[in-house]
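Residues take their numbers from the sequence shown, with the count starting at 1.
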Amino acid sequence: VVDKCGDAIPIYRIEKRMRRAGIPLSRSTMNDLLLRAAGLLDPLYDVALGELRIDPHLQADETTFRMQGQRARVFVWAFLSPHYTLYIFSPSRSGETPKTLLGDTTGSLVCDGHSGYNVVTDVDCRTRGGCWCHARRKIFEALPTAPSARAALDIIIDLFLVEREAEDLGIVGTPAHLALRRDKSASALNKLLVWMKDTRPLYEPSSAMGKAIGYIVNQWARLTAFMDDPCMPIHNNASESALRIIAMARKSSLFFGNSEAARRLVILYSLVATCEKNGVNPEVYIRDVLTRLPNWPEHRIGDLLPHRWKERFGTGFATETNSEANSEAGSEAGSDVPTAATAPDDGGLPMDIAQNEHATAAECDVVAPTAAPPSPSGSMHGHDTTPRMHEAGAALTRRPGGAGAPAAAGIATAPRRAAHTAEPQSPSCPPTGAALPSRADPRVRSRSRCPPRRSRVAGVTAARSPPTRRCGSLRL
């Protein structure tokens, strides 16, 4: 579901990847599984639509798609609220879809200049907000033939800078945000009006600049509606970004098979996009919800919507789950119990690194010396079975096994390992409690490469180069 509706990977590519992983799953089977999953999630989608339609602040946009077996294009509509990103399939671009969803509701609706939204914005239902990104794009497209458009672009940038300032101050959607707009955005709008009044007579109405100015003049009431509502955005980029996954699917999957398949697929697209909007892992969410829905009470379906599921179960991402589990385990067991973050007896090293260090050291029985030979009388006894490590260029030391025993030179040992980090001993290591053979025992073999022979030349210690063989005039 997530590969198809979250990453826009077509079914035939998923089939190839499954085959490479050793899972022979055909396309028809995966198609059936997608449709069955959408059927199970249909009640959840209906509840989300019901909550979205009564939200006071919405954004909307639409895009085309292909239908198999017909030349006429079909459409996918996107409707956004603070908690939802929902898609609706429709065979046409008429105003029937907005009317069915948003009829007899109040609030605001930010959209482009498409006339299909007039049925819910021009009949005393919702206040319609315009998109300044659309207005700016039309002026930018006229820039090659009208250099004076640069002044208008600079004025429109001031509107976006005001919104950025509100974000930096953390006052978005508050009365302070509205006061900031009326203070700074109002002056920018007045400058733009003066510029259009002076520039419009200089260009033909059919020119690119004439069309751009005409669009702004016709949409002026909608473009300035944000001056009365701090929760209304000045652009519709969010809904256009939500349709990007539909555009990618249009290129990779090409078409919908039929109307029923399209209706079910937009259910999956909606839930995956809503999970991403709320910072929820869609794979974990859909897997969990599909197992709960068959036995879930019908009057509590809304509790499984992504933003409420997140409040109860978290985001579903592995990093958050691990950190929460480690913190809970540490708080319940107390400060003496180590967490997965560090091992206290290994100098603060991460647990996996410390274990690797001990495991590497445990593979070496005796290390070849680089200075004086070790004492033949030294041997480890008792329960100290910690490994010995080689330190090049320095005399090796040995930690005794018993308490109070004198130290012997020639053998280096790693720090004593804590009991809670002990691992199964390597087959090459002697059992616990057995005496290790001394250095003089001929059965002991070194597993490390002997250090290079060294010669003192002009007071500097340097390694001797290996001997060469001569073959004619060549040195090998």
Checking side-chain polar atoms at under 3.5 Å, does [X] have a donor or acceptor matched by the opposite partner on [Y]?
| X | Y | value |
| --- | --- | --- |
| Arg250 | Thr63 | yes |
| Arg126 | Thr106 | no |
| Ser148 | Tyr203 | yes |
| Ser187 | Asn190 | no |
| Trp77 | Asp61 | no |
| Glu62 | Tyr117 | yes |

Stepwise side-chain contact (heavy atoms from CB on, under 4.5 Å) check, Leu109 with Val120: CA-CA 9 Å; Leu109 177 64; Val120 295; 4.0 Å; yes
Worked check of side-chain contact (heavy atoms from CB on, under 4.5 Å) between Arg308 and Phe313: CA-CA 9 Å; Arg308 298 192 183 101; Phe313 302 105; over 6 Å; no
Check against side-chain contact (heavy atoms from CB on, under 4.5 Å), Gln59 and Phe79: CA-CA 6 Å; Gln59 296 177 253; Phe79 292 90; over 6 Å; no
Looking at [X] and [Y], does any basic side-chain N land under 4.0 Å from a carboxylate oxygen?
| X | Y | value |
| --- | --- | --- |
| Asp168 | Arg164 | no |
| Arg19 | Glu15 | yes |
| Arg263 | Asp42 | yes |

Within this structure, what is the [atom1]-[atom2] distance for the pair [X] and [Y], rounded to the nearest 0.5 Å?
| X | Y | atom1 | atom2 | answer |
| --- | --- | --- | --- | --- |
| Ile234 | Ser185 | CD1 | OG | 7.0 Å |
| Met30 | Leu25 | CE | CG | 5.0 Å |
| Ile267 | Asp46 | CD1 | CG | 7.0 Å |
| Thr224 | Asp228 | OG1 | CG | 7.5 Å |

Give every donor-acceptor pair under 3.5 Å between a side-chain atom in residues 96-104 and any protein atom, sequence neighbours left out.
{"unit_1": "Thr97", "atom_1": "OG1", "unit_2": "Ser90", "atom_2": "OG", "d": "3.1"}
{"unit_1": "Thr100", "atom_1": "OG1", "unit_2": "Glu96", "atom_2": "O", "d": "2.8"}

Can you confirm whether [X] is buried at [atom1], in the sense that more than 12 heavy atoms of other residues, nucleotides or ligands lie under 6.0 Å from that atom?
| X | atom1 | value |
| --- | --- | --- |
| Arg36 | CZ | no |
| Tyr215 | OH | yes |
| Lys211 | NZ | no |
| Arg150 | CZ | no |
| Arg244 | CZ | no |

Parallel, tilted or perpendicular: which fits the ring planes of [X] and [Y], with parallel below 30° and perpendicular above 60°?
| X | Y | value |
| --- | --- | --- |
| His307 | His83 | parallel |
| Phe256 | Phe65 | parallel |
| Tyr269 | Tyr87 | perpendicular |

Sub-4.5 Å side-chain heavy-atom contact between Ile216 and Ile213: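 No, their side chains stay 4.5 Å or more apart.
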Side-chain touch Leu44/Leu304, heavy atoms, less than 4.5 angstrom: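 Sidechains of Leu304 and Leu44: in contact.
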Provide the closest heavy-atom pair for [X] versus [Y] in the form atom of the first, atom of the second, distance.
| X | Y | value |
| --- | --- | --- |
| Pro230 | Arg181 | CA-NH1, 3.7 Å |
| His177 | Glu163 | NE2-OE1, 3.0 Å |
| Pro306 | Asn278 | CB-ND2, 4.3 Å |
| Arg93 | His114 | O-NE2, 3.0 Å |
| His235 | Cys133 | CB-SG, 3.7 Å |
| Ser81 | Leu52 | OG-CD1, 4.1 Å |

Pi-cation contact, Trp296 with Arg300 (under 6.0 Å, within 45°):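 Yes, Arg300 lies over the aromatic ring of Trp296.
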Residues which pass ring-ring contact (aromatic ring centres under 6.0 Å, His included) with Tyr45, listed by chain and number, not counting sequence neighbours: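 By the ring-ring contact (aromatic ring centres under 6.0 Å, His included) rule, Tyr45 matches no residue at all.
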Glu260 backbone acceptor or donor facing Asn258 side chain under 3.5 Å: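 Side chain of Asn258 to backbone of Glu260: a pair is present.
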Under 3.5 Å donor-acceptor, Gln70 side chain and Ala72 backbone: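 Here the side-chain-to-backbone pair exists.
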Chi angles and distances behind the side-chain contact (heavy atoms from CB on, under 4.5 Å) call for Met196, Val217: CA-CA 9 Å; Met196 288 191 299; Val217 171; 4.2 Å; yes
Arg264/Asp32 under salt bridge (Lys or Arg N to Asp or Glu O under 4.0 Å): CA gap, chis, key distance, verdict: CA-CA 11 Å; Arg264 293 198 178 193; Asp32 292 340; over 6 Å; no
